[in-house]
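Letters A, B, ... are given to chains in the order of the sequence lines, protein chains preceding strands, and every chain is numbered from 1. Computation of the quantities below employed the complete heavy-atom set of this structure, encompassing side-chain atoms and omitting hydrogens, waters and symmetry-equivalent molecules.
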Amino acid sequence: MPDRDDQRRDDPDRYDQNRYDPGAVEGRWQRRWRDEGTYEIDNDDSRPGFYVLSMYPYPSGPAHMGHVRNYTFGDLLVRYRTMLGDGVLSPIGFDSFGLPAENAAIRTGEHPRTFTEARIAELSSSLQRIGAVYDWRRVLCSHDPEYIRWTQWIFLKLYEAGLAYRAEAPVNWCTGCRTVLANEQVLPDGTCERSGDPVEDRELAQWFFRITAYAQRLLDDTDSIDWPERVKNMQRNWIGRSAGAELALPIADAEGRPRADVAPIQVFTTRPDTGFGITYAVLSPEHPRVAELTSPAQRPAVAAFCREAADRSELQRLSAEGRLDKRGVACGTSVINPFTGQAVPLFLADYVLMTYGTGAIMGVPGEDQRDWEFAVAHGLPILRTVEPPEGFDGEAYPGDGPSINSDWLDGLGVAAAIERAADWLESQGLGRRKVNYRLRDWLVSRQRFWGCPIPMVRCEACGYQPVPAEELPILLPDDVDFQPTGQSPLNAHEGFLAASCPACGGPARRETDTMDTFVDSSWYFLRFADPANDRAPFSAEAAARWLPVDQYIGGIEHAILHLMYARFFTKALADIGVAPAGLSEPFARLFTQGMIRLGGAKMSKSRGNLVAPEEILDRQGADALRLAHLQVKPPQDDVDWEDFGIDGCAKFLGRVWRLAAGEAHPASAARSGALTAADLEIDRGAHRLVDRVRRDFDRWSYNTAVAACMEYTNELYRYVSAPEGPHGETLDGALDRLLLVMAPMVPHITAELWERRCGRHIHTEAWPVAEAAKLAAERVTLVVQVNGKVRDRLEVDAAIDETEALRCALASERVQRHLDGASPRRVIARPPKLVNLVL
RNA sequence: GCCCGGAUGGCGGAAUCGGUAGACGCAGAGGGCUUAAACCCCUCGGUUCGACAAGAGCGUGUGGGUUCGAAUCCCGCUCCGGGCACCA
C-alpha cells in the first residue's frame, strides 16, 4: 500500500493535476454554473424558446434514485437543447404541501412549514449535486404565501365561472388519512393510493371542480399531443366516453297501460336497437324513486335489500365481482317497453350504479350477458333481437348481426339499427341521443391542515361566500397545536376561523378544508413563465412565450391524476381569460420514465428499500451515476437496481479522462503532416459519432448514445496505441467531438477536460457539426449470400456498383464452393452492402 | 371481458427503412504490466457437431404465411406487464 504514497511524493504535481477526482471537479463546476447563472434565461431572450420541465418533486429530503433518474434525463435535455442554440427554460420548484409534513407534525409537534423547508433545502442541494441545472431565480414552492395567493385567486375565478361548486355527494373517505379523496386517488382494490388504508363511502358536502364539463375536449385533444400512446390510452379509458340514448319508460297501471299521472323513469343505453328485447327494467338501490315505485307488498323486501346494499362497502362489493347470482329484488311495479307497448316488471339490483348514467337501466338479456344472468336468476323471458352467427353457442350475443323480432328494425345491422332506433325515439319524443362519461367531477376539498386554504367563508344568513380577491392570501396560522387525533387544527383555531361575511358584513366562519395538492401542481408550469408577477398568477404574454411545455418529464404513476388535472386547468384558465386563448394543452410532449426496483419491488421510502445516491456520489461521482442511469436501460423501461453498472461507467470515464488529458499516449508521439488511412477513418468516425448521438438524443435512446461513445473511445484507444502513433490534429478533433457529444450526459468531467484543453466553457459551445461527406465509410463489408445464407464477407469500396459487386461475389472461393459450379438463377444485388445469389 | 405494451446469449440490452442477429456494458475465461496484488492494457465468449482447426447445422416465446431474404411484415397461439371494468 505505501507505493501510491511514494508515487505522490515522487511526482506530486502530476498526481494532483492529472488524476481524475470527481469530487473536486464536480463541486467546482456546480458552483460555477450556479454562480455564473449559466442556465438562467430571461423572457426576452432572442433565441428560439424551448421549455424543459421535469415534474416538480414533493420535498421528502435528499434526492432518491427516482429523482436522480428523472432529473438526469431533464438535465441532459436542457444542456443538449442549449448546445443546439435554443433559449432553454429550465425551472424547478417544490410540491411542498402534503400529508407527510403534517404527519410529522402530529408526531413531533414541529410545524409543517419548518419541517418542509428543511426538506426543501436538502433536496435542492442534492439536485445540484447530481449536476442538474436550473434558473434558480424562478424557483417556487406551493406553500409560499405568494403561490397560495394565486392558487386561491384561481379557485375564486373558477368559482365565478361556475367551475367550482359545493355539493353533497357520496365521497371516498380514507380511514387512515382522515380525509376525503378524489376518485382518481382510490385504487381499484378500494384502498387509498397514498396510505393503502381502506376507503369508505360517506355522504358529505364537499368542494368540486367541474372537470366533467371538459370531458369531451380532454378526450378529443389526446389526439393532438405527442405523448406515449400508453398514457393517452389510460386517459381515454379514465374518461370512459360511451354514446347511446336516454329514453323514458312509462310506469304501468294495474292493466298494463301507461300512467299519465306519474313521471316515467329515464334509462341510458348504448344499444337502443335492442329495445324490442326489453323484458324488464332495473333501478339502482340508491335511486331516489325507489320508495315511490315500490308496491305495498314488496316494501319489506325492498327495504331490506336497500339496507343490505348500503351496508356493503366498496371493498365488499368489489369482492363480489364476478359472481353470477345477480342479487336483485322485484319492486312489484311494472314499466312499459316503449317499443312494444308491453308492460315489463321493475326490479332493484346492486349491479346498477347510481353514479353512472341515470341510475336505471333497461334489461335486454338477449344482448347483454349481465342481463342474461339476471333474467335467468329471476325467471324473466329472454328475447333475442340480434341474430347470432351460425354455430353460436353462448348466452347473450353482444356482437354484430341482423336485427330480428324487432318489427321495423328487422334486417338492419347493429350500427344502422342503433341510428334508426335513436331517430325513432327522438321523433316520438320518447328519448334522445346522449353521451355518458365515466369521468366524475374532481373532489378538491381535503380535511387537512397542510394545504392551500379554500378561500370561502360561511355566513349563517348568506351561505358560502367567496373571499374578496384583495383579501388574499388566506394563510395558515403558525400557532397551531397538532393533536394525535389527526383532526386539522384549523377547526379549533379561532384566529383563523373568525371572519366576516363579504356579502352582509355579519359574522361568518372560514372554510377549514384545504385544497388537494393536485390543485397546486395543476398550474405551477404556468407560474414558471412569470414567477415574480404580483398582479396575476402569470401574464398571458409570458405564458404564450413559453407554453406549452416542449418536453415534460416524469413518472408513469402520474399518467391519470396530475396529467389530467393539469390539462383541465390549462383549458379552463384559457377559457376564463387567464391563460392565453390559444393554449389548449399544457405539455406538447411527454416522456414517462420507468421506475426503479430493488429486490423485485418498487424502490420507495415506504418499502424501506432505498439506495441512497449520496454514497455513490461520494465514491464514484455524479457523472458516473448519471451515466449509469443513461446506460442501464431504455429510459422509459422499469429498471432493477441490480442491473446498474456504476463501476463500469466510472471506469469508462477514467478512460476518457486519461485519453483527453493526454495520459493514454505520450504527447511527443503525435505525428503531424500527411494523413494516413487510419487518420481519415478516425476522423470520419468522430463525425459518425456526432450524427449517431444526436439522433439517439432526439429519440430518447440514451443507452445507445452511451454505447456509441464507448465504442468510439475503444476505437480511439486502438488508434493512439497503433505503431505509427496518432496524428496530433486528427486526435484533437476526435477528442473535441467526443467531449462535446458527451457534455449533456456527463457535464462535469467534460467541462473540466474542455477547459484544460482549450480554456473555454464547454456548456456554452455549440453542438458539433457532423459533415455529411464524412458520414459514409470508404470501405464497407459486402455480404455475399447464397440462397439467403451468408457465405462470405468482403471488404469493398463503398462506391462499388452492381456489376463489380457481383464480380467480387462470384470470385469468392467460399461462394464458389456453395454454388458448386452452377450459375445463379437470380441475383439480388444491393451494393455496397449485399449480394444474394439464388440457385 | 375490453384496450394498450412486451418476449432476442449467463444478465441488461443493440439491430433507426425487410438485408452481416447478439453492438455496448455487466458477469466469466485467457494473456500482458507488477517481486506480488489491485488498478490499468490486450484478446476470447449464442449453441450443437467437429479436434481446441477448417467447415457445417440450428438459433430472436410458439405454429403457420408472405419474400431472393423476416428479430423486423401478416394470421393463429402461449406466457408476462400495464390500464379500464357488474359503466348499462
Side-chain angles (χ1 to χ4, degrees), chain A residues 1 3-4 188 228-242 244 267-271 274 282 284 317-318 320-324 326-327 349-353 355-364 367-371 373-374 398 436-438 556 559-560 627-628 631-634 636-640 642-649 651-652 654-655 658 663-664 692 695-696 698-699 701 703-714 717-718 721 781-790 792-793 814 817 824-828 830 833-839:
Chain A
M1 286 320 246
D3 295 33
R4 181 165 282 177
E229 210 44 54
R230 178 162 71 127
V231 176
K232 294 205 277 188
N233 240 309
M234 284 162 76
Q235 296 222 340
R236 292 186 188 115
N237 281 341
W238 188 262
I239 295 166
R241 182 186 199 270
S242 79
V267 297
F268 174 72
T269 179
T270 54
R271 294 291 302 275
T274 60
V282 186
S284 153
R317 252 190 236 170
L318 284 159
E321 182 194 324
R323 282 171 56 189
L324 304 178
K326 292 289 173 241
R327 290 171 299 249
D350 66 358
Y351 79 90
V352 177
L353 310 174
T355 50
Y356 188 80
T358 60
I361 62 158
M362 58 189 220
V364 284
E367 284 75 38
D368 184 296
Q369 186 60 27
R370 289 160 310 168
D371 293 352
E373 285 158 15
F374 191 86
N436 257 313
Y437 300 91
R438 209 190 68 91
I556 186 77
I560 294 172
L627 195 66
Q631 185 252 9
V632 63
K633 238 185 172 203
Q636 66 275 16
D637 290 4
D638 287 350
V639 54
D640 290 306
E642 289 84 350
D643 293 329
F644 272 71
I646 309 274
D647 290 334
C649 290
K651 183 175 140 189
F652 166 67
R655 277 166 74 78
R658 285 189 298 279
E663 285 183 54
R692 208 173 140 186
R695 280 183 294 126
D696 283 348
D698 288 342
R699 67 186 178 110
S701 183
N703 52 333
T704 53
V706 174
C709 293
M710 291 178 162
E711 217 176 319
Y712 190 62
T713 302
N714 292 344
Y717 265 81
R718 281 191 291 274
S721 57
T781 306
L782 174 73
V783 171
V784 186
Q785 297 178 332
V786 177
N787 284 336
K789 285 185 196 291
V790 178
D792 203 1
R793 297 180 174 122
R814 285 176 225 242
R817 209 182 310 148
R825 196 163 49 79
R826 192 175 160 192
V827 175
I828 288 105
R830 297 281 180 277
K833 308 264 295 184
L834 178 121
V835 171
N836 188 9
L837 307 171
V838 185
L839 290 180

*asked:* side-chain hydrogen bond (donor to acceptor under 3.5 Å, both in side chains), that's the test. Do A/Arg655 and A/Asn714 meet it? Break it down for me.
replied: CA-CA 9 Å; A/Arg655 277 166 74 78; A/Asn714 292 344; 2.9 Å; yes
_Polar side-chain contact A/Asn237-B/C84 base: donor and acceptor under 3.5 Å_ = no
_Between the base of B/G82 and the side chain of A/Arg230, is one N or O donor paired with an acceptor at under 3.5 angstrom?_
no
*Hey, which of these two, A/Gly788 or A/Arg438, hits RNA chain B nearer its 5' end, going by closest nucleotide?*
A/Gly788
*Could you pick out which residue, A/Phe644 or A/Arg271, lies toward the 5' side of RNA chain B when each is mapped onto its nearest nucleotide?*
A/Phe644
Does [N] have OP1 or OP2 sitting under 4.0 Å from an N or O in the side chain of [X]?
X: A/Arg655; N: B/C42; answer: yes
X: A/Lys633; N: B/G13; answer: yes
X: A/Asn703; N: B/A14; answer: yes
X: A/Arg370; N: B/G1; answer: no
X: A/Ser242; N: B/A88; answer: yes
X: A/Asn714; N: B/G25; answer: yes

Where the side chain of [X] is defined as all heavy atoms beyond and including C-beta, which of [options] is the nearest nucleotide?
X: A/Arg718; options: B/A15, B/C68, B/U43; value: B/U43
X: A/Arg814; options: B/G55, B/G19, B/A85; value: B/G55
X: A/Leu353; options: B/C87, B/C41, B/G19; value: B/C87
X: A/Arg793; options: B/C68, B/U20, B/C84; value: B/U20
X: A/Lys651; options: B/C26, B/G55, B/G19; value: B/C26
X: A/Glu711; options: B/G55, B/A23, B/C86; value: B/A23
X: A/Pro634; options: B/G13, B/U20, B/C84; value: B/G13
X: A/Lys789; options: B/C86, B/G57, B/U20; value: B/G57
X: A/Arg826; options: B/C41, B/A14, B/C68; value: B/C68
X: A/Val632; options: B/C87, B/G12, B/C24; value: B/G12

Across all strands, who's sitting opposite [N] as a Watson-Crick or G-U wobble pair, both distances under 3.5 Å?
N: B/C77; answer: B/G61
N: B/U16; answer: none
N: B/A38; answer: none
N: B/G45; answer: none
N: B/C2; answer: B/G83
N: B/A51; answer: none

Report the distance from atom [atom1] of [X] to atom [atom2] of [N], rounded to the nearest whole Å.
X: A/Glu229; N: B/G5; atom1: CD; atom2: P; answer: 7 Å
X: A/Tyr717; N: B/U43; atom1: OH; atom2: P; answer: 13 Å
X: A/Leu627; N: B/C26; atom1: CG; atom2: C1'; answer: 14 Å
X: A/Met234; N: B/G5; atom1: CE; atom2: P; answer: 14 Å
X: A/Leu839; N: B/C68; atom1: CG; atom2: P; answer: 14 Å

For [N], is chi within 90° of 0 (syn) or not (anti)?
N: B/G45; value: syn
N: B/G64; value: anti
N: B/C17; value: syn

What does [X] touch in the nucleic acid at a heavy-atom separation under 4.0 angstrom: a base, only the sugar-phosphate, or nothing?
X: A/Val639; answer: nothing
X: A/Asn836; answer: base
X: A/Val783; answer: base
X: A/Gly240; answer: nothing
X: A/Gln785; answer: base
X: A/Arg825; answer: nothing

Heavy-atom side-chain proximity of [X] to [Y] below 4.5 angstrom:
X: A/Val827; Y: A/Val838; value: no
X: A/Cys709; Y: A/Phe652; value: yes
X: A/Lys232; Y: A/Gln235; value: no

*Counting only heavy atoms not in A/Lys633, do more than 12 sit closer than 6.0 Å to its NZ atom?*
yes
*Assess whether atom CZ of A/Arg230 is packed by more than 12 heavy atoms of other residues, nucleotides or ligands within 6.0 Å.*
no
*So, the side chain of A/Asp368 versus the backbone of A/Arg370: is there a donor-acceptor pair under 3.5 Å, distance only?*
yes
*Any donor-acceptor pair under 3.5 Å from A/Asp371 side chain to A/Gly363 backbone*: no
*First locate atom OG1 of A/Thr269, then atom CE of A/Met362, and finally report the distance between them rounded to the nearest 0.5 Å.*
3.5 Å
*Expressed in whole Å, how much space separates the P atoms belonging to B/G64 and B/A27?*
40 Å
